[in-house]
Amino acid sequence: MEFLKSIKDSYIKAVADCFGVHLESDEILINETRKEFEGDYTFVIFPLVKKINKSPEEIGNAIGNWLLTHESNVIAHNTVKGFLNLSLSLSFWSRSLAGVSQEPRYGYSAPNGKKVMVEFASPNTNKPLHLGHIRNILLGWSCSKILKANGYEVINTQIVNDRGIAICKSMLAWQRFGQGATPESAGMKGDHFVGEYYVRFEQEFVQEYQGFQFTDMGIAVYEAKKKEGQDMATFFKEYKNTYFNTYSEMGAAAKAMLLAWEAKDPEITSLWAKMNEWVYQGFNVTYENLGVTFDSLYYESDTYLLGKKAVDDGISKGVFYREDDGSVWIDMEDVGMDKKIVMRSDGTSVYITQDIGTAQQRYADYGIDSMVYTVADEQDYHLKVLFEILKRLGEPYAADLHHLSYGMIDLPTGKMKSREGTVVDADDLIAEVIGEARDMSAERGEIAALPKEEQEDILRQIGIGALKYFIIKVQPKKRMIFDPKESVDMQGQTGPYVQNAYVRIQSILRKSGTDHAGQPYSISDIHDNEKTLIKHLLNFPGIVADAGKQYDPSAIANFAYALAKDFHRFYHEVRILNAESEDAKSFRIALSKEVGRILWCAFDMLGIEMPARM
RNA sequence: GGUUCCGUAGCUCAGCUGGAUAGAGCAACAGAUUUCUAAUCUGUGGGUCACAGGUUCGAAUCCUGUCGGGAUCACCA
């Protein structure tokens, strides 16, 4: 949209003409005029006062007068304190709207030739997805959409944490207690099925551990290792991990299983593959319900040995150094970070080594220019270290790495804790919001006449829309409180509220038929409501660009809400189909259509569907 | 303790590249439907923008410090 830019250019000319001062376009501050003042847009002229050495009023009036004679879009002006308020002509508004209509990809940038990989989700395969994963998935997916809108070629990926001691615990429990059960025989979703065995392992282990505490051995350990004055319960609480790694029979069995897996033992490998497959089938259902897909998958079982070559390279480049015991380190104290180990003395990789290797693998696979990692803020430091290492290794994409960091989700009752069973399960939550949408819809009966299948689709769109919007409207970096009751709200600042604005528009467009779609119009008057909507439309490209730069979907969510809100008001105060003239009717239909389209685009960028009816 | 993020209405959140009298939603109360779908709209009340300094014509926004909360600081992942 170039109209606002032309006014900015005129402003620069006005300043040059009136005062002989040259301004750069980024020195100009233009806002929408606050509703208590007369005007549409407002220039803040305080910054000019020093340069020109006249009073703000004098400067404002001079520029205003200049614009009045030289800039046809400006039809009136007034200066209040340091603010020059401009009123714009009818033709500005109608041409602006027409400009939006004529641009099929309005708000979207042309391809910029850059390829970015966005990583999100990245679950462990020993238990089902929960609320935290949902926030991660929604952020990653939306960010991917927003980057696409900004002209990037985007590859969605995840690193599937499919190996390690956790999955071995599930496997061991299944071996011992499963009696050959399968998700089918148990009638369960695969990820939940496997998760049950993970829980079972913990239960059995705790039982074993409690038994141990009263054996002679246990008492001897307590006496030998306790801290001064520490009672038995406290001691054993802290000792749990050590017990797992030393005396525990189950711990030993799980660790043996991990070793067998690493040695590619056929029986263990096939059990591992079978149980992971169950989990993936479960995950895929959840991903589908959330409407997300991946372009590529990386499995930790494939990548966990990667990175060793990077360590060798790093040593020869002088990025890493070897200690006497054979361990390899990087010293980043010069940039305010610590020393960090990248390879153990026994020659095995640590977590970050894997990440280095995976990054290199991804570059080898896709030749990407940049990467976005959607990872919770508890790993801020880890990602910071990773990026610094990749930079020092001279990786070609290292200058453009971004950690999409987000805060953890709390419940009104406090933190989610798996030990206390307060973790909100993703599938349960999805079912709940759809159920709520069903109840709300039943009260209204608007869609009752539609075929069953279509109804279900709409209920899903509304329920999931409520849930997604509730989570995505909050700035990523902020820790958020998730109140299950509020998450299913469908009134006020919610997904369904925005969807409802869209649905109203579709209803109008259906009723108006083809008679008025795309009809030319020449308006003789314009409502404040209409101006406000057009202002929103003009803002959209800037919002999208900003959301992309900031990796911040909440900016789009808030924009969509503001637009929907102003549409609802417009809808209420102004007749559209029964407008006072054919011109006004055509104009309002055209305006509604563009609002609907932009709402759709904005929600698409959030990964939220728009129902046609509700 | 070091580092880092957060602190805005009773609650959940916007606003943060400095601009006019800090905005929404929820909750409470009062209204609006012979009208394009009321998942809507209108109105009322509700604030030392954690606190204290500083920079500035101007600070919720930038800087410093304090307080409160989270995270992190493994040869774990």
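Not measured: the values here are computed from a predicted model. Numbered from 1 within each chain, the chains take letters A, B, ... in sequence-line order.
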query = So what does N85(A) touch, heavy atoms closer than 4.0 Å: a base, only the sugar-phosphate, or nothing?
reply = base
ask   = Looking at R504(A), does any N or O in its side chain come under 4.0 Å of the phosphate oxygens OP1/OP2 on U40(B)?
value = no
request  = Using the six-membered ring wherever Trp is involved, compare the ring planes of F482(A) and F470(A) and label them parallel, tilted or perpendicular (cut-offs 30° and 60°).
outcome  = perpendicular
Watson-Crick or G-U wobble mate for G58(B), both contacts under 3.5 Å = none
query = Any side-chain N or O of R344(A) less than 4.0 Å from the OP1 or OP2 oxygen of A77(B)?
reply = yes
request  = Using a 4.0 Å heavy-atom cut-off across all strands, classify Q499(A) as base, sugar-phosphate, or nothing.
outcome  = nothing
request  = Give a yes/no answer on whether the side chain of Y381(A) brings an N or O atom under 4.0 Å of OP1 or OP2 in A77(B).
outcome  = no
Basic-acidic side-chain contact under 4.0 Å: E262(A), R163(A) = yes
note = Of I352(A) and F570(A), the one whose nearest nucleotide on RNA chain B sits closer to the 5' end is F570(A)
request  = Please tell me which of the listed nucleotides, A71(B), A38(B), G25(B), lies nearest to the side chain of Y561(A)?
outcome  = G25(B)
ask   = How far, in whole Å, is A59(B) from A52(B) if one measures between their C1' atoms?
value = 15 Å
key: Touch class at under 4.0 angstrom, heavy-atom based, for M480(A) against every strand present   = sugar-phosphate
task = Classify the angle between the aromatic ring planes of Y11(A) and F43(A) as parallel (below 30°), tilted (30 to 60°) or perpendicular (above 60°).
result = parallel
request  = Answer yes or no: does a side-chain N or O of K565(A) lie under 4.0 Å from OP1 or OP2 of G25(B)?
outcome  = yes
query = Can you find a donor-acceptor pair, distance only, under 3.5 Å between D355(A) side chain and A77(B) base?
reply = no
Pairwise 5' ranking along RNA chain B for M440(A) and W329(A), keeping only the more 5' one = M440(A)
key: Interface with RNA chain B, restricted to residues 43-61 of chain A and to heavy atoms under 4.0 Å   = V44(A), F46(A), P47(A)
inquiry  = Heavy atoms from C-beta onward define the side chain here; which of A39(B), C11(B), U72(B) lies closest to that of E486(A)?
reply    = C11(B)
ask   = Who does G18(B) pair with, Watson-Crick or G-U, both distances under 3.5 Å?
value = none
inquiry  = Distance check, rounded to the nearest 0.5 Å: T125(A) atom OG1 versus N276(A) atom CG?
reply    = 4.0 Å
Euclidean distance for P, C62(B) against G70(B) (whole angstrom) = 24 Å
message = On the nucleotide C16(B), are OP1 or OP2 found under 4.0 Å from the side-chain N or O atoms that Q475(A) carries?
response = no
U21(B) versus G47(B) - spacing of their C1' atoms, nearest Å = 13 Å
Pair of N/O donor and acceptor under 3.5 Å linking C36(B) base with S507(A) side chain = no
ask   = Within less than 4.0 Å of OP1 or OP2 of G7(B), is there a side-chain N or O belonging to K478(A)?
value = yes
key: Nucleotide nearest E300(A) (side chain, heavy atoms from C-beta), chosen from A77(B), C41(B), A71(B)   = A77(B)
inquiry  = Would you measure the distance from the C1' atom in C26(B) across to the matching atom in A14(B) and give it in whole Å?
reply    = 14 Å
ask   = Hey, does E446(A) reach any base, or is it just sugar-phosphate, or nothing, if we go heavy atoms under 4.0 Å?
value = base
message = Can you tell me if R444(A) touches the phosphate of A39(B), counting only side-chain N or O atoms and a distance under 4.0 Å to OP1 or OP2?
response = yes
inquiry  = Give me the distance, rounded to whole Å, that separates G10(B) from G46(B) when you measure between the P atoms they each carry.
reply    = 11 Å
task = Using the C1' atom as the reference point in each nucleotide, state the distance between G45(B) and A30(B) in Å, no decimals.
result = 11 Å
inquiry  = Taking any heavy-atom pair under 4.0 Å as a contact, classify F83(A): base, sugar-phosphate, or nothing.
reply    = base
message = Checking side chain to side chain contact (heavy atoms under 4.5 Å, CB included) between S301(A) and each of I167(A), D162(A), N161(A), which is the one that passes?
response = D162(A)
inquiry  = Suppose we define a pair by two distances each less than 3.5 Å, Watson-Crick or G-U wobble; what does C29(B) pair with here?
reply    = G43(B)
ask   = At under 4.0 Å, does any side-chain N or O of K593(A) touch on OP1 or OP2 of C36(B)?
value = no
request  = Assign I576(A) to base, sugar-phosphate, or nothing according to its heavy-atom contacts below 4.0 angstrom with the strands shown.
outcome  = base
task = Would you mind classifying the nucleic acid contact of R34(A) as base, sugar-phosphate or nothing, using non-hydrogen atoms under 4.0 angstrom?
result = base
Check residues 35-42 of chain A and write down every donor-acceptor pair under 3.5 Å in which the side-chain atom is one partner and the other belongs to a residue at least two apart or another chain.
| from | atom 1 | to | atom 2 | distance (Å) |
| --- | --- | --- | --- | --- |
| E36(A) | OE2 | R34(A) | NE | 3.1 |
| D40(A) | OD1 | K531(A) | NZ | 3.0 |
| D40(A) | OD2 | L88(A) | N | 2.7 |
| T42(A) | OG1 | T33(A) | OG1 | 2.7 |
| T42(A) | OG1 | N85(A) | OD1 | 2.6 |

ask   = Which value, in whole Å, describes the distance between the P atoms of nucleotides G23(B) and C6(B)?
value = 23 Å
query = What is the ring orientation for F205(A) with F244(A), classed by angle as parallel under 30°, tilted 30 to 60°, or perpendicular over 60°?
reply = perpendicular
ask   = Is the distance from OP1 or OP2 of A24(B) to the nearest side-chain N or O of K473(A) less than 4.0 Å?
value = no
query = Angle class for the H402(A)/Y551(A) ring planes (parallel below 30°, perpendicular above 60°, tilted otherwise)?
reply = parallel
key: Rounded distance in Å between the C1' positions of G69(B) and C76(B)   = 26 Å
task = Among A20(B), G25(B), U40(B), find the nucleotide with the atom closest to the side chain of Q491(A).
result = U40(B)
Mutual orientation of the aromatic rings belonging to F567(A) and Y571(A) [parallel < 30°, tilted 30-60°, perpendicular > 60°] = tilted
query = For the side chain of I508(A), counting heavy atoms from C-beta on, which of A20(B), C36(B), C41(B) is nearest?
reply = C36(B)
inquiry  = Any base atoms under 4.0 Å from L29(A), or only sugar-phosphate, or nothing? Heavy atoms, all strands.
reply    = base
ask   = How is S554(A) classified with respect to the nucleic acid when contacts are heavy atoms under 4.0 Å: base, sugar-phosphate, or nothing?
value = nothing
request  = Scan V328(A) against the nucleic acid and name what it touches under 4.0 Å (heavy atoms): base, sugar-phosphate only, or nothing.
outcome  = nothing
task = Before giving the answer on side-chain hydrogen bond (donor to acceptor under 3.5 Å, both in side chains), spell out for Q361(A) and D302(A) the whole-Å C-alpha distance, their side-chain angles and the decisive distance to 0.1 Å.
result = CA-CA 11 Å; Q361(A) 186 63 48; D302(A) 294 329; over 6 Å; no
